[in-house]
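Since the model is a prediction, treat every value here as computed from it, not as a measurement. Sequence lines set the chain letters: A, B, ... in the order given, protein chains first and strands last, and positions in each chain run from 1.
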Amino acid sequence: MASQEILREEPSRASFVNDPKVRSIFFQVLVVVLLGAGVWWIVQNTIDNLARLHIASGFGFLRGRAGFDISDTAIAYSSDSTYGRAIVVGFINTLIVAGAGIVTATLIGFILGIGRLSRNWLIRKICMVYVEIFRNIPPLLVIFFWYSGVLAVLPIPRESINLPFGSFLNQRGFYFPRAVWGDGSWLIFVALLVGIAMAWFVARKARQRQMATGQQFPVFWTSLALVVGLPLLAYALSGFPLTFDFPKQSTFNLTGGFQVKPEFLSLYLALSCYTAAFIAEIVRAGIVGVSKGQTEAAGALGLRPGSILRLVVVPQAMRIIIPPLTSQYLNLTKNSSLAIAIGYPDLTATAGTVLNQTGQAIECVLIMMVVYLVLSLLTSAVMNVVNARMALVER
Amino acid sequence: MQEHDTSWVRTEMALAQQAPAGVRGPGAWVRKNLVGSVGDAILTIIGIALVVMILPQVINWAFLNAQWTGADRTFCATVAQGGIQPDGWSGACWAFVNAKFGQFMFGRYPIEERWRPILIAILFVALLVPLLIPKVPHKGLNAILFFLAMPILAFILLVGGMFGLPHVETPLWGGLLVTLSLSFVGIAASLPIGIVLALGRRSKMPIVKALCVVFIETVRGIPLITVLFMASVMLPLFLPAGVTFDKLLRALIGVSLFAAAYMAEVVRGGLQAIPKGQYEGADSLGLGYWQKMGLIVLPQALKLVIPGIVNTFIGMFKDTSLVYIIGMFDLLGVVKLNFSDANWATPQTARSGLIFAAFVFWLFCFGMSRYSMFTERRLDTGHKR
């Protein structure tokens with residue numbers, strides 16, 4: 001816009017109406033006035049409507065007794081708890097299903113994405129078919145498919161399907177042995193933490209030594225020994241405190257063990273399957289985006305194929321992958337709100353129930369919006385940090 | 001200067017020889033693509049195992065064992081479940097889809113009035129197909145008919161209540177009819193709104209810019225369900241007492257605004273990719289803001305982001321299924337609703353219905369993505385940055 005700057009320095013020959021500055025101010029004032037009028041109109045209407053419906057605005061209702069039950073609760077909750085606690089329970093459920101979904105979707109997605117670039121024709125085609133199917137159907141349909149198409153037609157508890165490690169699958173969900181931590185099991189966790197810290201320290205020292213002297217050190221095996229070995233040692237030393245509570249079949253139901261309800265299972269599986277297809281495409285694009293010259297140059301420097309992948313291709317591919325991957329994680333988190341369709345009590349579902357019971361529409365929708373916005377912003381922030389560490393360091 | 005002796009240089013072309021037997025033919029293809037190395041061979045075995053495990057089951061279920069015709073649930077239930085199929089039978093219940101096909105397409109639209117959506121569908125296809133084929137002439141007229149005349153005609157025909165047509169209330173609409181109406185209006189509304197938002201976001205007026213940024217980022221940060229909730233429970237509160245909105249219209253507003261925010265980001269990407277020289281060139285020609293954008297920048301920017309725009313369309317088409325949650329019956333909603341029909345309750349019903357719905361959704365989305373790839377190749381004039 002340099003040309004305009006120069007023009008403006010001279011006495012304006014154009015009429016007042018055509019001055020960009022005047023126009024800009026005029027339009028902005030117009031927008032503000034229109035918007036203000038619109039907001040005022042809406043607020044007036046809302047106040048009238050609320051008064052007519054005898055709804056008191058404000059968040060005081062959150063302290064009222066909820067009076068409804070929630071099937072999946074991670075923290076203590078009963079129908080005597082408050083509305084506020086019900087919403088918190090829903091929020092934690094959202095976090096659980098989104099977190100689990102993100103991990104699984106990333107795993108499946110990376111496997112599929114790499115599979116799509118395999119030299120093996122069959123693997124390539126299988127991955128392609130998967131991606132093309134799941135990218136083109138609505139996530140809600142996938143959730144329904146798992147819920148009513150697969151899990152609802154599983155056998156009744158008496159005829160449960162036996163799975164390895166003493167787990168069972170039936171209409172009421174997936175049962176697996178629950179770990180019971182006895183006395184002294186804190187030692188195992190301490191050992192695990194110590195192991196991780198030591199592994200990190202060893203890796204750091206090894207890198208410093210390699211930089212200084214060129215001598216390599218088997219970091220991977222040492223770390224593995226530290227991270228797995230130390231907890232095992234602690235487990236043995238503290239007298240094997242870990243036992244398992246296996247689910248047992250009784251006449252009508254399974255007792256004991258840990259039950260994963262079909263609502264959670266279908267939501268989790270659907271979100272993972274659906275998002276994995278998108279992640280696969282992102283991973284594929286990322287790897288394709290690293291030019292072949294990089295691989296060849298690394299080969300010319302004498303790196304072995306494994307090192308080429310680890311040191312040259314993957315770091316550059318990650319740079320391309322991370323930004324769109326972030327938005328997929330956000331999408332998954334937002335899609336977890338589809339839980340309401342099958343009755344998994346996530347944030348949207350519990351807040352929706354509260355909305356229906358109290359009629360506090362504005363407050364409840366506001367809570368939902370703020371929570372999802374904060375979640376989105378947090379995820380973006382974390383991924384931005386990761387991205388900044390990965391980004392190209394230019395001289 | 002000494003004369004070069006070139007007698008050793010060959011003067012006639014050597015005849016091209018066939019490639020060695022090892023690198024051509026099906027055998028070589030298998031060697032290269034399936035058993036290139038030990039790892040490859042193992043992968044191939046795993047792949048074959050997967051295919052052998054899944055494919056025959058799928059074919060058996062969907063075609064060989066499927067029940068294609070039937071009047072009620074007995075045709076799709078095993079003897080133990082009170083039907084006619086042998087115990088242990090597992091096959092698709094296409095009879096269910098067959099019996100409910102009318103509902104899946106039109107919902108509860110009155111049967112004697114169904115010629116109206118059918119007529120609109122024929123008109124839709126008749127106008128859309130020539131619009132999509134690049135070689136067919138009269139694109140301008142075609143577009144005007146498609147985007148202006150057809151929606152008006154569709155509104156008159158589908159809603160009725162004038163010209164002697166009986167009024168059909170929108171709660172009676174359902175199935176694919178709702179899915180397609182929502183998507184069409186959503187697509188037609190979200191693109192212009194998205195363009196305006198994107199221009200606003202890149203505007204030099206701070207207030208306009210701030211408003212657009214806040215709108216776009218807020219909508220993109222929340223799930224569609226929240227937006228639909230807002231449209232269905234908060235919109236009535238915002239309006240004066242007594243003014244009511246059609247439920248379908250509320251969903252339409254929600255879906256359009258939601259898609260517009262995503263569209264705005266896609267368009268913004270295109271606007272950013274246009275070199276500054278184009279903006280300055282337009283300025284130096286003395287074009288005003290709207291002329292500059294409409295004639296110079298947007299045509300180039302939109303062309304760049306066609307894949308992104310189509311992806312947003314596909315996303316929106318899939319998202320229309322969410323209106324089920326606020327109590328409307330689109331294709332998926334109607335299918336789900338019919339699971340509770342006691343006349344058809346069998347273990348296979350849900351699966352068959354959902355797979356049918358998935359197939360319909362898949363057809364539309366896959367078609368759109370393939371067409372976008374085709375257009376991308378056709379419009380690629382080498383200016384891509």
Side-chain angles (χ1 to χ4, degrees), chain A residues 1-4 24-25 27-28 31-32 35 41-42 45-46 48-50 52-53 118-126 132-133 135-142 144-145 147-150 152-153 330 333-338 340-341 348 352 355 361-362 364-365 368-369 372-373 375-377, chain B residues 29 32-34 36 40 43-44 46-48 50-51 204-208 211 217-218 220-226 229-230 233-234 236-241 279-280 283-284 314 317-322 324-325 332 335-336 339 347-348 350-351 354-355 357-358 361-366 369:
Chain A
M1 298 294 134
S3 52
Q4 287 183 353
S24 147
I25 292 171
F27 281 123
Q28 297 194 57
V31 166
V32 169
L35 195 77
W41 185 69
I42 286 176
N45 283 333
T46 313
D48 288 351
N49 284 325
L50 289 179
R52 203 165 37 83
L53 297 169
S118 161
R119 267 176 310 169
N120 192 313
W121 179 85
L122 192 63
I123 297 292
R124 226 158 48 213
K125 290 295 159 191
I126 291 175
E132 288 297 347
I133 288 178
R135 270 203 323 167
N136 289 316
I137 49 178
L140 187 60
L141 205 153
V142 185
F144 281 150
F145 184 77
Y147 190 63
S148 350
V150 177
V153 292
L330 293 178
T333 314
K334 285 183 276 172
N335 280 338
S336 72
S337 62
L338 297 177
I340 194 172
T348 314
L355 190 159
I362 298 175
C364 287
V365 172
M368 282 188 228
M369 284 174 63
Y372 280 108
L373 267 180
L375 267 186
S376 295
L377 291 177
Chain B
W29 185 88
K32 183 162 171 276
N33 288 302
L34 294 178
D40 255 5
L43 279 179
T44 305
I46 295 174
I48 290 175
L50 264 177
V51 172
K204 289 196 180 57
M205 303 183 221
I207 294 174
V208 174
L211 285 175
E217 293 305 329
T218 311
R220 272 160 43 93
I222 56 178
L224 178 57
I225 293 190
T226 323
F229 258 134
M230 210 161 114
V233 298
M234 276 168 81
L237 283 181
F238 290 163
L239 296 170
Y279 291 88
E280 290 169 350
D283 281 337
S284 69
I314 294 175
F317 187 78
K318 290 189 289 185
D319 280 345
T320 53
S321 60
L322 266 61
Y324 165 74
I325 291 167
L332 183 58
V335 171
K336 185 91 185 0
F339 296 166
Q348 304 297 339
R351 252 184 249 185
L354 286 173
I355 285 185
F361 274 107
W362 185 85
L363 268 187
F364 278 97
C365 295
F366 189 71
S369 79

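- In this structure, A:Ile123 CD1 and B:Asp40 CG are separated by 8.5 Å, a value rounded to the nearest 0.5 Å.
- Between chain A and the options B:Cys365, B:Ser321, B:Pro223, the largest number of non-hydrogen pairs under 4.5 Å is found for B:Pro223.
- Residues A:Thr348 and B:Ile325 fail the side-chain proximity criterion, which asks for heavy atoms closer than 4.5 Å.
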Exercise. Are B:Ile222 and A:Lys334 close enough, and set up right, to give a side chain to side chain contact (heavy atoms under 4.5 Å, CB included), and what steps lead you there?
Worked result: CA-CA 7 Å; B:Ile222 56 178; A:Lys334 285 183 276 172; 5.7 Å; no

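- Scanning both residues, A:Met368 and B:Thr226, for their nearest heavy atoms gives CB-CG2, 3.8 Å.
- Interface remark: A:Leu377 contributes no atoms to any contact with chain B (heavy atom separation under 4.5 Å).
- With a 4.5 Å cut-off on non-hydrogen atoms, B:Thr320 does not touch chain A at all.
- When ring centroids are compared, B:Tyr324 and A:Phe144 come within the 6.0 Å threshold.
- Of the possible donor and acceptor atoms, none in the side chain of A:Trp41 sits under 3.5 Å from a partner among the backbone N and O of B:Phe238.
- We find the CD1-CG distance between B:Ile46 and A:Leu122 to be 10.5 Å, quoted to the nearest 0.5 Å.
- In this structure, B:Lys318 and A:Arg135 approach most closely via the heavy-atom pair NZ-O, 2.7 Å.
- Proximity to chain B is limited to the side chain of A:Leu35, based on heavy atoms less than 4.5 angstrom apart.
- When each of B:Trp362, B:Phe361, B:Phe364 is checked for heavy-atom pairs under 4.5 Å with chain A, B:Trp362 comes out on top.
- Of the residues considered (B:Ala350, B:Gly47, B:Gly221, B:Ser369), B:Gly221 shows the highest number of contacts with chain A, using heavy-atom pairs under 4.5 Å.
- Using a 4.5 Å cut-off between heavy atoms, B:Val51 contacts chain A through its side chain alone, with no backbone atom that close.
- Remark: the backbone N or O of B:Leu43 is not paired with any side-chain donor or acceptor of A:Asn120 at under 3.5 angstrom.
- Remark: side-chain polar atoms of B:Lys204 are not paired, donor with acceptor, to backbone N or O of A:Ser24 under 3.5 angstrom.
- For B:Glu217, the salt bridge (charged side-chain N to carboxylate O under 4.0 Å, His left out) partners two or more places apart in sequence, or in a different chain, are B:Arg201.
- With a 4.5 angstrom heavy-atom cutoff, B:Leu322 touches chain A via backbone and side-chain atoms both.
- Of the atoms belonging to B:Phe339, it is side-chain heavy atoms, and not backbone ones, that fall under 4.5 Å from chain A.
- The shortest side-chain heavy-atom distance between B:Phe229 and A:Ile340 falls under the 4.5 Å cut-off.
- At a 4.5 Å heavy-atom cutoff, B:Leu224 makes no contact with chain A through either its backbone or its side chain.
- A donor-acceptor contact shorter than 3.5 Å is absent between the side chain of B:Lys336 and the backbone of A:Leu141.
- When heavy atoms are compared at a cutoff of 4.5 Å, A:Thr46 approaches chain B by way of both its backbone and its side chain.
- Atom CE in A:Met369 sits 5.0 Å away from atom CE in B:Met230 (nearest 0.5 Å).
- Per-residue counts of heavy-atom pairs under 4.5 Å with chain B were compared for A:Ser148, A:Pro138, A:Gly149; the largest is that of A:Pro138.
- In this structure, chain B has no heavy atom under 4.5 Å from any part of A:Val142.
- Only the side chain of A:Val31 has a heavy atom closer than 4.5 Å to any heavy atom of chain B.
- Comparing A:Thr333, A:Ile133, A:Asn335 by how many heavy-atom pairs each has under 4.5 Å with chain B, the most go to A:Ile133.
- If you measure heavy-atom distances from B:Ile355 to chain A, the contacts under 4.5 Å come from the side chain alone.
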Exercise. Do A:Phe27 and B:Ile207 pass the side chain to side chain contact (heavy atoms under 4.5 Å, CB included) test, and can you show the C-alpha distance, the side-chain angles, and the key distance before you say yes or no?
Worked result: CA-CA 10 Å; A:Phe27 281 123; B:Ile207 294 174; over 6 Å; no

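- At a 4.5 Å heavy-atom cutoff, the contact between A:Ile362 and chain B is made by backbone and side-chain atoms alike.
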